[in-house]
Amino acid sequence: MQAREFTLLAPTIHTIFLYCEVRGNYREGILLLSDVLARLTDAATTSQPHLQPLLAQVLVRLGACEVMADRHGHGLDHLQQGLGYDAHQQERAFALTYIGHSAIQRGEVASIPAMRQESLTLCQQSNDRSGAARALFLLSNGFHGFVEAMQRCEESLALWREVGRPDRIAEVSGLLAWHKCCQGDYEQANAYWQENIKICSALGM
């Protein structure tokens with residue numbers, strides 16, 4: 001691929017990730033982004049170093065897809081590689097969120113508070129409400145105590161409502177419905193479940 005083709009590709013990288021996130025098909029994202037990475041790596045590391053921010057973007061989204069597909073080893077390698085390049089604030093926040101989520105899934109929670117705080121701070125500085133909502137939800141299990149974790153999920157839900165992502169609203173409301181039910185708050189649980197069902201039916205999920 002030529003330099004101009006890489007430049008034209010840049011706006012689509014996050015779109016590819018969002019497409020796979022909405023569908024829950026992260027393995028498709030792995031295939032697509034791996035192909036981009038193979039074409040981009042040589043150019044960005046040799047003759048066209050100005051492409052390194054794009055390389056960082058591809059690496060962290062590939063790593064995120066791999067983490068969500070339970071391929072934690074490959075995912076963490078790519079996320080860390082992405083951070084090694086000229087990653088912008090949003091890219092760093094994005095990568096830290098998925099590194100933290102991987103740590104939670106593997107039961108390694110000691111480093112979560114620092115990563116979560118840095119990710120949320122970077123999202124705030126760049127006015128990235130989607131990034132903050134994603135971090136609050138994916139890292140909610142890293143908060144101390146069940147009540148605080150659910151509060152952060154509710155904050156995530158509020159941000160997703162502002163952003164207008166019905167698929168993420170459905171995901172978070174479904175989790176909150178279950179936990180509200182476990183707490184005995186059946187009225188609130190039913191409200192969340194009704195919202196979840198309505199959105200899922202509309203989206204064909």
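Along the sequence shown, residues carry numbers from 1.
- Annotation: the span from Arg161 atom CZ to Leu159 atom CG amounts to 11.0 Å, rounded to 0.5 Å.
- Atoms CG and CG, on Leu136 and Leu120 in that order, are 5.0 Å from each other to the nearest 0.5 Å.
- The line from CG of Leu79 to CD of Gln81 is 9.5 Å long, rounded to the nearest 0.5 Å.
- With hydrophobic clusters built from ILVMFWY side chains whose heavy atoms lie under 4.5 angstrom apart, Ile199 shares a cluster with Val163.
- Ion pairing between Glu154 and Lys180 holds under the 4.0 Å rule for side-chain N and carboxylate O.
- With hydrophobic clusters built from ILVMFWY side chains whose heavy atoms lie under 4.5 angstrom apart, Leu83 shares a cluster with Leu139.
- Cys153 approaches Phe137 most closely through the heavy-atom pair SG-CD1, 4.0 Å.
- Taken to the nearest 0.5 Å, the NE2 atom of His14 stands 8.0 Å off from the CD atom of Gln57.
- Rounding to the nearest 0.5 Å places CD of Glu195 at 10.0 Å from SG of Cys200.
- Counting heavy atoms from C-beta on, the side chains of Leu18 and Arg165 come closer than 4.5 Å.
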>> Is there a salt bridge (charged side-chain N to carboxylate O under 4.0 Å, His left out) between Arg152 and Glu155? Walk through the geometry before answering.
In response: CA-CA 5 Å; Arg152 298 302 175 260; Glu155 290 176 20; 2.9 Å; yes
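- Interatomic distance, Cys20 SG to Met68 CE, rounded to the nearest 0.5 Å: 12.0 Å.
- Listed for the Ser201 side chain is a donor-acceptor partner under 3.5 Å among the backbone atoms of Ile197.
- Panel note: side chain Ser102, backbone Tyr98; no donor-acceptor pair is recorded below 3.5 Å.
- With no hydrogens or angles considered, no side-chain donor-acceptor pair links Asp185 and Gln188 at under 3.5 Å.
- Both tests do not hold together for Arg134 against Phe94: distance to the six-membered ring centre under 6.0 Å, angle to the ring axis within 45°.
- Here the closest non-hydrogen pair linking Leu62 and Leu33 is N-CD1, 3.7 Å.
- Of all non-hydrogen atoms in Ser34 and Ile30, the two that sit nearest each other are OG-O, 2.6 Å.
- Using modelled atom types, one finds a donor on one side chain and an acceptor on the other under 3.5 Å when comparing His78 with Glu66.
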